[in-house]
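Reviewing the structure listed below.
Positions are given from 1, in the same order as the sequence printed here. Since this is a predicted model, take the numbers as computed values, not measurements.
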Amino acid sequence: MISSISPSWALKRQVAQKKLEIFNSGYSNHGASGTKKSLAGWNFRGGGPDEDIVDNADVLRQRSRDLYMGGATLATGALKTSRTNVVGTGLKLFPIVDYEYLGLSEEEEKQLKRTIEREFALWADSTDSDACRQHNFYELQQLAFLSQLMSGDCFALLPMKKRKQSVYDLRVRLLEADRCCNPPILNGKNIRGGVEVNEDAEVVAYHFLNRHPLSFYTPGAPLPPPKWNRVLAYGDKTGRKNVIHLMDAERPEQRRGVPILAPVIEALKQLGRYTEAELMAAVVSGMFTVFVKSDSPENPVGSGLSQEETLPGLDNNLQMGNGAIVGLAPGEDISTANPGRPNTAFDGFVTAILRQVGAALEIPYELLVKSFTSSYSASRAALLEAWKMFRMRRIWFAADFCQPVYEEWFAEAVAKGRIYAPGFFDDPLIRKAYTRAEWIGPSSGQLDPLKEAQAAKMRVEEGFSTRSRETAEITGGDFEMNVQQRIREEKMRREGGLLDGLPTGGGETKYVVLDPQQD
């Protein structure tokens with residue numbers, strides 16, 4: 001009725017009703033508001049994981065690598081700090097065989113662990129573990145982890161390749177993230193970013209290019225024509241894991257990873273530009289640059305100087321010497337350039353930006369710039385907060401990379417008779433009991449070793465921890481091996497006359513038996 005009499009009033013009425021539907025409904029008054037001036041210009045439209053991540057992955061990877069290679073020194077430090085603390089010289093294998101379930105005695109379990117460690121070292125310590133024959137297994141760990149941080153994800157293939165004088169055939173082939181990409185013809189398959197999934201969003205295959213897509217020159221030979229290889233995620237007949245995909249997922253049904261620097265790329269780039277500008281301004285200020293003002297531009301100053309007195313490659317730029325006196329022609333004057341550098345506010349401003357960058361990367365500012373100028377409590381709190389992230393990433397990396405590779409190696413060792421493991425291929429539970437393991441990495445270090453040692457001793461005495469775990473946490477060592485080595489050392493000292501006895505407070509001599517097999 002209103003629209004037939006006054007269409008304009010009817011339109012206003014409809015608009016008012018729509019506004020009432022939006023207003024007074026929770027988040028529409030706050031973060032989801034479309035009318036507040038502070039939020040009106042916010043470009044927030046996004047898409048699914050494929051649109052937001054896969055479609056932008058190439059740009060994010062290349063910008064992240066550029067920052068690492070010199071675009072921002074802080075980016076290099078952030079990635080290497082994470083790599084050094086999470087992986088360091090490599091995560092070491094510590095077998096934990098479920099001997100009770102397997103029906104083994106403690107002595108049999110001990111011998112089996114030593115055999116596993118010995119055989120695994122034969123493979124892992126050699127460059128034969130690398131398909132490219134350049135790195136051993138521990139060096140491959142740091143390379144894979146650093147590549148994952150820098151590019152967002154990293155791929156590892158597990159081919160079997162025979163080599164002379166190599167007992168084991170398992171090889172680890174690392175591939176950079178760019179190699180996994182879409183083939184030109186999809187044939188109706190659901191492929192995004194080189195990752196093929198089925199209707200249940202299960203990853204079924206990966207598509208790898210036979211060369212790096214950014215390569216444009218091969219010394220001594222032309223680049224091969226592009227060819228994509230489809231690699232099944234798991235073998236059809238054996239169910240064997242063919243591809244290890246390292247990435248940190250941040251959204252469900254996500255196929256490709258995001259570089260760790262992605263949220264702070266803009267901040268790091270702008271900070272790098274600002275630092276370069278400040279540095280150049282300080283250099284200019286130190287060189288005492290002057291500008292010559294002349295009334296006769298057709299005869300510029302310096303036109304009559306020799307080539308040695310001018311800067312090479314630059315026109316009308318004079319080279320000033322120490323204590324030099326330069327005569328000026330009539331009508332010429334000079335004005336000095338005083339940029340006012342170094343800037344006294346530079347350090348405070350950069351520190352504020354770095355604190356925000358550190359918060360995004362989960363690396364405290366003190367550790368990010370390696371500056372521990374606060375109190376012991378504050379520095380320790382910063383290290384503890386950082387180590388929450390380092391331990392989390394170490395657990396993930398061990399579960400996603402080290403453990404799958406170890407299980408593949410173990411299967412080959414059993415198949416070749418190098419390790420005796422009855423029932424290994426018959427029951428998945430038996431297989432799990434044999435391949436249980438912990439991966440020990442570098443310790444967090446101590447600001448005050450005495451306090452840390454006393455705290456570790458108290459945790460053991462109160463039952464909050466074990467000597468094995470504290471040994472691994474503090475020094476990265478093996479408690480059982482330490483005890484055996486101590487027994488040998490003390491026995492050697494006693495036999496050498498360096499430890500005849502220990503005097504007690506009463507003047508008597510108390511002999512300490514360190515070897516339980518001796519009286």
Exercise. Under a 4.0 Å N-O cut-off, is there an ion pair linking Lys241 with Glu408?
Worked result: no

Problem set entry | Candidate pair Arg230 and Glu196, rule salt bridge (Lys or Arg N to Asp or Glu O under 4.0 Å), full reasoning | CA-CA 9 Å; Arg230 182 175 182 265; Glu196 179 183 341; 3.0 Å; yes

For this session: Tell me, yes or no, whether the heavy-atom count around Met160 atom CE, taken from other residues, nucleotides or ligands under 6.0 Å, exceeds 12.
Result: yes

For this session: Would you mind checking if Glu266 and Arg63 are paired as a salt bridge, meaning a charged N to carboxylate O distance below 4.0 Å?
Result: no

For this session: Ignoring hydrogens and angles, state whether a donor on the side chain of Asn229 or His207 is under 3.5 Å from an acceptor on the partner side chain.
Result: no

Would you list the atom pairs, donor with acceptor, under 3.5 Å between side chains in residues 390-399 and any protein atom, with sequence neighbours excluded?
| from | atom 1 | to | atom 2 | distance (Å) |
| --- | --- | --- | --- | --- |
| Arg391 | NH2 | Glu473 | OE1 | 3.3 |
| Arg393 | NH1 | Asp248 | OD2 | 2.4 |
| Arg394 | NE | Val86 | O | 3.0 |
| Arg394 | NH1 | Pro442 | O | 3.3 |
| Arg394 | NH2 | Asn85 | O | 2.8 |
| Arg394 | NH2 | Pro442 | O | 2.8 |

Exercise. Do any N or O atoms from the side chain of Asp130 and from the backbone of Cys132 form a donor-acceptor pair under 3.5 angstrom?
Worked result: yes

Problem set entry | Separation between CD of Glu362 and NZ of Lys388, rounded to the nearest 0.5 Å | 10.5 Å

For this session: Begin from the C-alpha positions of Leu143 and Phe145 and carry the test side-chain contact (heavy atoms from CB on, under 4.5 Å) through to its verdict.
Result: CA-CA 6 Å; Leu143 181 59; Phe145 184 76; over 6 Å; no

For this session: Give a yes or no on whether the backbone of Asp153 and the side-chain of Ser151 come within a donor-acceptor separation of less than 3.5 Å.
Result: no

Exercise. Counting only heavy atoms not in Arg467, do more than 12 sit closer than 6.0 Å to its CZ atom?
Worked result: no

For this session: Answer yes or no: is there a side-chain heavy-atom contact under 4.5 Å between Asn136 and Asp125?
Result: no

Exercise. Would you say the side-chain atoms of Arg83 pair up with the backbone N or O of Ser147, donor to acceptor, closer than 3.5 Å?
Worked result: no

For this session: Decide side-chain hydrogen bond (donor to acceptor under 3.5 Å, both in side chains) for Ser129 and Arg171; before the verdict, give the C-alpha distance in whole Å, the side-chain angles of both, and the deciding distance to 0.1 Å.
Result: CA-CA 5 Å; Ser129 58; Arg171 312 291 175 231; over 6 Å; no

Exercise. Given Asp98 and Tyr434, is the side-chain contact (heavy atoms from CB on, under 4.5 Å) satisfied, shown in steps?
Worked result: CA-CA 7 Å; Asp98 191 352; Tyr434 275 114; over 6 Å; no

For this session: Start with the C-alpha gap between Thr471 and Thr466, add the side-chain angles, then the distance that decides, and say whether side-chain contact (heavy atoms from CB on, under 4.5 Å) holds.
Result: CA-CA 9 Å; Thr471 302; Thr466 63; over 6 Å; no

For this session: Would you check if the distance from the ring center of Trp409 to the ring center of Phe120 is below 6.0 Å?
Result: yes

Exercise. So, Arg488 versus Gln485: side-chain donor-acceptor pair below 3.5 Å or not?
Worked result: yes

For this session: First locate atom NE2 of His135, then atom OG of Ser126, and finally report the distance between them rounded to the nearest 0.5 Å.
Result: 13.0 Å

Exercise. Honestly, is Lys432 close enough over Tyr101, meaning NZ or CZ under 6.0 Å from the six-membered ring centre and within 45° of the axis?
Worked result: no

Problem set entry | CZ/Arg179: more than 12 non-hydrogen atoms of other groups inside 6.0 Å | yes

Problem set entry | side-chain hydrogen bond (donor to acceptor under 3.5 Å, both in side chains) involving Lys370 - partner list, sequence neighbours excluded | Thr81

For this session: Decide yes or no for Asp128 and Tyr168: does some side-chain heavy atom of the first lie under 4.5 Å from some side-chain heavy atom of the second?
Result: no

Exercise. Is a side-chain donor-acceptor pair under 3.5 Å present for Gln254 with Glu250?
Worked result: no

For this session: Output yes when a side-chain donor or acceptor of Asn190 lies under 3.5 Å from a complementary backbone atom of Val197, and no otherwise.
Result: no

Exercise. Roughly how far apart are Ile244 CD1 and Asp400 CG, rounded to 0.5 Å?
Worked result: 8.5 Å

Exercise. If we ignore angles and hydrogens, is there a donor and acceptor under 3.5 Å between the side chains of Arg273 and Gln270?
Worked result: yes

Problem set entry | Stepwise side-chain contact (heavy atoms from CB on, under 4.5 Å) test for Met481 and Arg114 | CA-CA 11 Å; Met481 295 183 64; Arg114 294 294 177 243; 3.6 Å; yes

Exercise. For Glu202 and Asn198, does a side-chain donor sit closer than 3.5 Å to a side-chain acceptor?
Worked result: yes

Exercise. Above 12 or not: heavy atoms from other molecules or residues under 6.0 Å from CG of Leu429?
Worked result: yes

For this session: Mark yes or no for whether Asn182, through its side chain, and Gly194, through its backbone, hold a donor-acceptor pair below 3.5 Å.
Result: yes

For this session: Please determine if Arg418 and Glu412 form a salt bridge, counting it only when a charged side-chain N lies under 4.0 Å from a carboxylate O.
Result: no

Problem set entry | Donor-acceptor pair, side chain of Arg255 and main chain of Val195, under 3.5 angstrom | yes

Exercise. In Å and rounded to the nearest 0.5 Å, what is the OG to CE distance from Ser64 to Met150?
Worked result: 6.5 Å

Exercise. Got Leu214 and Arg65 here, is their nearest side-chain heavy-atom distance under 4.5 Å?
Worked result: yes

Exercise. So is Arg355 actually on top of Tyr365's ring, under 6.0 Å and inside 45° of the axis?
Worked result: yes

Exercise. Under the 3.5 angstrom rule, does the side chain of Arg133 hit a backbone N or O of Thr127 as a donor-acceptor pair?
Worked result: no

For this session: Decide if atom OH of Tyr234 counts as having more than 12 heavy atoms of other residues, nucleotides or ligands within a radius under 6.0 Å.
Result: no

Exercise. Between Arg192 and Asp55, is the closest basic N to carboxylate O distance under 4.0 Å?
Worked result: yes

For this session: Taking atom types as modelled, find out whether Asn56 and Arg256 have a side-chain donor-acceptor pair closer than 3.5 angstrom.
Result: no

Exercise. So, does Asn210 use its side chain to make a donor-acceptor pair with the main chain of Lys227 at under 3.5 Å?
Worked result: yes

Exercise. Looking at side-chain heavy atoms only, is the closest gap between Thr351 and Val369 below 4.5 Å?
Worked result: no

Exercise. Cut-off 3.5 Å, side chains only: do Asp66 and Gln62 have a donor facing an acceptor?
Worked result: no

Exercise. Relative to each other, are the rings of Trp123 and Phe137 parallel, tilted or perpendicular (30° and 60° limits)?
Worked result: tilted

Problem set entry | Donor-acceptor under 3.5 Å (Thr84 side chain, Lys80 main chain) | yes

For this session: Flag the pair Gln141 / Cys402 as yes when at least one side-chain heavy-atom distance between them is below 4.5 Å, and no otherwise.
Result: yes

Exercise. Which distance, rounded to the nearest 0.5 Å, do you find between the CD of Glu117 and the CG of Leu112?
Worked result: 10.0 Å

Exercise. Side chain of Asn242, backbone of Leu232: donor and acceptor closer than 3.5 Å?
Worked result: yes

For this session: Please assess Asp169 against Lys416 for the test salt bridge (Lys or Arg N to Asp or Glu O under 4.0 Å), listing each intermediate value before the final yes or no.
Result: CA-CA 10 Å; Asp169 301 332; Lys416 289 187 173 182; 3.1 Å; yes

For this session: Evaluate the criterion salt bridge (Lys or Arg N to Asp or Glu O under 4.0 Å) for residue pair Glu407 and Arg436; output intermediate values, then yes/no.
Result: CA-CA 9 Å; Glu407 292 177 2; Arg436 285 180 56 194; over 6 Å; no

Problem set entry | Pairwise distance CG(Leu261) to CG(Leu361) - rounded to 0.5 angstrom | 6.0 Å

Exercise. Charged N to carboxylate O under 4.0 angstrom, Glu490 versus Arg493?
Worked result: yes

For this session: For the residue pair Leu175 and Phe208, establish whether any side-chain heavy-atom pair is separated by less than 4.5 Å.
Result: yes

